[in-house]
Amino acid sequence: MNFNATLLGQSVAFLIFVWFCMKYVWPPLMNAIEERQKRIADGLAHADRAVKDLELAQAKATDQLKDAKATANEIIEQANKRKAQIVDEAKAEADAERNKIIAQGYAEIEAERNRVKEDLRKQVATLAIIGAERILERSIDKAAHSDIVDKLVAEL
Amino acid sequence: MAATGEALTPQGYIQHHLTNLSVGDGFWTWHIDSLFFSVGLGVLFLWLFRSVGKKATTGVPGKLQCFVEMIVEFVDSSVKETFHGRNPVIAPLALTIFVWVFMMNFMDMVPVDWIPSLALAAGIPYMKVVPTTDVNITFSLAIGVFVLIVYYSIKVKGVSGFVKELTMQPFNHWAMIPVNFLLETVTLIAKPISLALRLFGNLYAGELIFILIALMYGANWALSTLGVTLQLGWLIFHILVITLQAFIFMMLTIVYLSMAHEDH
């Protein structure tokens, strides 16, 4: 237990070491540690946020899928409706067309018949006149009796 | 292993191992070996931590940086648990004390004859390699802490506050001032003395036991075998002691300085 100048020397060394440690050793180490802690905390926060984002995105995707399905169903339904409508319209048009064609047919037939009737009538008149001429050839004056024949023709 | 002038006796051997290499006379004696090893270890500590601190990356740290940061964080959390004020000196002080004292204590792990024998071969007669077995070293650390205790007591509470703390406790009556002063002064003085003597006593005793075990190697083979076993056992146990003593020194420093910051 002999105290001597070593005590002083060591005290000075101690003070210098503590000062040096405080000035040049502690701050950079502590900075590095705190910086890393911050980075790790940030990283963890990011990871949390990413998980949340992912969940949101998944929910959104599901929603969109559902929407898309609903839209598709709607479109299909509309198309079906439209199809039925088109078929109905086509049917109606076809009916109308058919009726028109039939009507036209009838009209044409009627016109033809009338024409033929007229022809026949004329031919019959001619024949009747020829027959009558033949019968009355000798006795009857063509010019004098033609008004009677004309009357007959008109009656036919 | 005896130096010049000492007989190769057990007493001489022990005496030789416990003698410092010194220059000067009386009070102005310098223990060269204690100063050399303590300052050397302190510089090694600061250089190592400083170089790690300069290259410290905030990304993935290397193994050395991890190790250094583990120590720093350990000290930092110890300080934060105990010391609730704001003082930039406490944590670096605690780190310096912890690592430096641990390194000085660790010199105890070096087999007792290695460095003295080398020194002797180099012509240096005495060599005491564990600085903390030198009472001057432990007391200078404790005095450093004591100065800080007084400094912060006065800085935080003012001179009057410090004087009041010394005189008005534990009995808050004017008539009791002398008693209070006596009690509180003893309490105050006991802090550095207990710090210094605890470390010195533990390490001195540990070193002495290593020396005694080393003595057995000089005897017959049976004692030598026993010596190996004993040394190994004591070494393993001593790892605990040196770490614990460094930790206690640091912890008590923090506690004392924390008390100095508290206003009663």
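Residue numbers begin at 1 in each chain, while the letters A, B, ... track the order of the sequences.
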Below 4.5 Å from any heavy atom of chain A, which atoms of [X] appear? Answer side chain, backbone, both or neither.
{"X": "I97(B)", "value": "side chain"}
{"X": "S51(B)", "value": "neither"}
{"X": "V43(B)", "value": "both"}
{"X": "I143(B)", "value": "side chain"}

So E69(B) and Q65(B), side chain to side chain donor-acceptor pair (under 3.5 Å) or not? Walk me through it.
-> CA-CA 6 Å; E69(B) 283 182 1; Q65(B) 197 190 332; 2.7 Å; yes
What part of I16(A) gets closer than 4.5 Å to chain B, counting heavy atoms only: side chain, backbone, both or neither?
-> neither
Contact winner vs chain A - P88(B), G144(B), G59(B), heavy-atom pairs under 4.5 Å = G59(B)
Most contacts with chain A, counted as non-hydrogen pairs under 4.5 angstrom, among A91(B), S22(B), G42(B) | A91(B)
Counting heavy-atom pairs under 4.5 Å with chain B, the top scorer among C21(A), A32(A), A13(A) is C21(A)
Give me the ring orientation class for F74(B) and F98(B): parallel if the planes are under 30° apart, tilted from 30 to 60°, perpendicular past 60°.
-> tilted
Partner of S34(B) under side-chain hydrogen bond (donor to acceptor under 3.5 Å, both in side chains), chosen from N136(B), T132(B), N20(B) | N20(B)
Compute whether any side-chain donor of one residue and acceptor of the other, for Q10(A) and S38(B), lie under 3.5 angstrom apart.
-> yes
F139(B)/F3(A) aromatic ring centres below 6.0 Å | yes
Looking only at non-hydrogen atoms, find the nearest pair between F146(B) and P192(B) and report the distance.
-> CD1-CG, 3.5 Å
